[in-house]
Every structure is written in C-alpha cells, then in structure tokens.
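This report refers to the structure that appears directly beneath it.
Quick note: numbers below take in every heavy atom, side chains included, and nothing from hydrogens, waters or symmetry partners.
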Amino acid sequence: MINIQILFSGIIAGIIIFHTSVVAPLVFKKLEAPFISNLLRALFPKFFIMIFALSLANLIMSLISKCCVLNMLFLASSFLALMCYLLIGITNKATDSGDKKKFAVLHRISVISTVIILLINLAVPFIK
C-alpha cells in the first residue's frame with residue numbers, strides 16, 4: 001500500500017509544482033484581468049479538490065495499515081486542502097468587494113497551507 005501512497009503523494013506534489021511553476025505564470029503573462037479571474041475561479045476549486053481527494057485516499061490507506069506518522073501527515077494534508085477549498089468563496093468575496101487586506105490574509109493562508117501540503121507529500125517517500 002505504501003507504493004500507492006507514494007504515488008499519490010507524488011501526484012499531489014506534481015500538481016502543486018506544475019500549477020505554481022507553469023499554470024499561474026502563464027495565466028498572468030498571457031491573459032487579461034477579467035479572463036484571469038474567471039480562469040482562476042474555475043481552476044482553484046478543482047486544484048484543491050484533487051489534492052483533498054488524493055490526501056484523503058492516502059489517509060484511509062494509512063489508517064488501514066496503522067501507520068501513525070503517515071496518519072498525522074495525511075490528516076494534515078487533507079485538512080489543509082479542504083480548508084483551502086472552503087476559503088475560496090470567502091477569498092473571492094473579499095476580491096469582489098475590494099477588501100485588499102482580507103484578500104491578502106486569506107491568500108497568504110492559502111499559499112502557506114499549499115506549501116505545507118507540498119512539503120508533507122514530498123516527505124512521504126522518506127517515512128516508513
């Protein structure tokens with residue numbers, strides 16, 4: 001089962017790295033403001049749902065195999081992905097209402113959470 005968990009963690013890390021290194025820069029470089037907003041509002045829910053689903057699958061597998069360390073890591077990854085997903089609507093409302101301070105805080109939480117998710121999933125192959 002650990003091989004599947006490593007695969008899923010690699011997919012999660014790949015999704016995050018691809019999104020931040022290819023998708024986001026390309027979107028901001030090639031699209032104009034209204035199109036950027038529409039595209040990002042369509043992408044981010046799917047981004048976090050995919051990460052959540054894979055993290056949850058890993059959590060279920062680690063619960064079955066009774067690996068306490070992986071349980072905690074996959075629980076954290078699942079929780080953070082779900083939290084980021086739930087913050088999308090609030091972040092969008094802050095953007096729409098022009099509340100730059102609230103947007104900045106919510107965006108920072110989302111970015112930090114995504115980095116933590118990335119680090120967790122990069123660590124999985126090194127944990128037994």
Side-chain angles (χ1 to χ4, degrees):
M1 223 178 308
I2 189 68
N3 289 337
I4 296 170
Q5 290 172 306
I6 291 170
L7 175 65
F8 285 180
S9 289
I11 292 169
I12 290 168
I15 289 168
I16 294 170
I17 292 168
F18 181 74
H19 183 80
T20 57
S21 65
V22 176
V23 175
L26 192 61
V27 165
F28 285 106
K29 186 176 182 180
K30 297 292 182 179
L31 296 178
E32 296 177 18
F35 299 109
I36 292 172
S37 177
N38 290 338
L39 181 60
L40 293 180
R41 286 179 185 215
L43 280 177
F44 273 106
K46 290 165 184 59
F47 173 78
F48 287 117
I49 287 294
M50 284 191 305
I51 292 170
F52 173 71
L54 291 167
S55 294
L56 186 61
N58 270 347
L59 176 60
I60 292 166
M61 286 185 277
S62 70
L63 289 169
I64 292 168
S65 64
K66 299 178 182 169
C67 182
C68 292
V69 174
L70 288 178
N71 288 348
M72 292 183 290
L73 291 175
F74 294 138
L75 179 62
S77 184
S78 299
F79 171 78
L80 291 171
L82 182 60
M83 180 190 69
C84 288
Y85 174 77
L86 296 173
L87 286 177
I88 292 171
I90 302 166
T91 305
N92 289 345
K93 285 180 185 175
T95 301
D96 294 343
S97 67
D99 190 343
K100 292 180 182 182
K101 185 176 180 180
K102 187 174 183 178
F103 170 81
V105 169
L106 293 169
H107 184 260
R108 190 171 297 119
I109 290 169
S110 180
V111 168
I112 291 169
S113 297
T114 303
V115 169
I116 293 169
I117 293 167
L118 175 63
L119 294 174
I120 287 170
N121 285 282
L122 287 174
V124 168
F126 305 101
I127 299 171
K128 290 185 179 189

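Not one N or O on the side chain of Ser37 forms a donor-acceptor pair closer than 3.5 Å with the backbone of Pro34.
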Please report, to 0.1 Å, the donor-acceptor pairs under 3.5 Å made by any side chain of residues 106-120, with sequence neighbours excluded.
{"residue": "Ser113", "atom": "OG", "partner": "Ile109", "partner atom": "O", "Å": "2.8"}
{"residue": "Thr114", "atom": "OG1", "partner": "Ser110", "partner atom": "O", "Å": "2.7"}

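Contact check for Ile12 versus Val124: no side-chain heavy atoms found under the 4.5 Å cut-off. Within the 4.5 Å cutoff, no side-chain heavy atoms of Lys30 are placed close to those of Phe35. Ile88 is listed as a side-chain neighbour of Asn92, based on a closest heavy-atom distance under 4.5 Å. Between Ile11 and Met50 the shortest side-chain heavy-atom distance does not fall below 4.5 Å. A heavy-atom distance below 4.5 Å is found between the side chains of Leu70 and Ile127.
Across Asn38, Leu40, Leu39, a single residue satisfies side chain to side chain contact (heavy atoms under 4.5 Å, CB included) together with Ile36, and that is Leu40.
The same ILVMFWY cluster, assembled from side-chain heavy atoms under 4.5 Å apart, contains both Leu75 and Leu56. A single hydrophobic cluster is not seen to contain both Leu31 and Leu26; linkage of ILVMFWY side chains at heavy-atom distances under 4.5 Å, directly or through other members, places them apart. Hydrophobic clustering places Ile16 together with Leu7 (ILVMFWY residues linked when any side-chain heavy atoms are closer than 4.5 Å, directly or through intermediates). Residues Met72 and Ile64 are members of separate hydrophobic clusters, defined by side-chain heavy-atom contacts under 4.5 angstrom among Ile, Leu, Val, Met, Phe, Trp and Tyr. Residues Leu63 and Leu82 share a single hydrophobic cluster, defined by chaining ILVMFWY side chains whose heavy atoms lie under 4.5 Å apart.
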For side-chain contact (heavy atoms from CB on, under 4.5 Å), just list the numbers for Lys102 and Ile90, CA-CA rounded to whole Å, side-chain angles, deciding distance to a tenth of an Å, and then say yes or no. CA-CA 9 Å; Lys102 187 174 183 178; Ile90 302 166; 3.9 Å; yes
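Here the CD1 atom belonging to Ile17 is positioned 13.0 Å from the NE2 atom belonging to His19, to the nearest 0.5 angstrom. If you take CG on Leu54 and CG on Asn121, they are separated by 8.5 Å, rounding to the nearest 0.5 Å. Note that the SG atom of Cys67 and the CG atom of Leu73 stand 8.5 Å from one another [nearest 0.5 Å]. For the atom pair OG (Ser78) and CG (Asn58), the distance works out to 8.0 Å, reported to the nearest 0.5 Å.
Across all their heavy atoms, Ala94 and Ser97 have their closest contact at O-OG, 3.3 Å.
Within the structure, ring-ring contact (aromatic ring centres under 6.0 Å, His included) contacts touching residues 68-89 (residues at least two apart or in different chains) do not occur.
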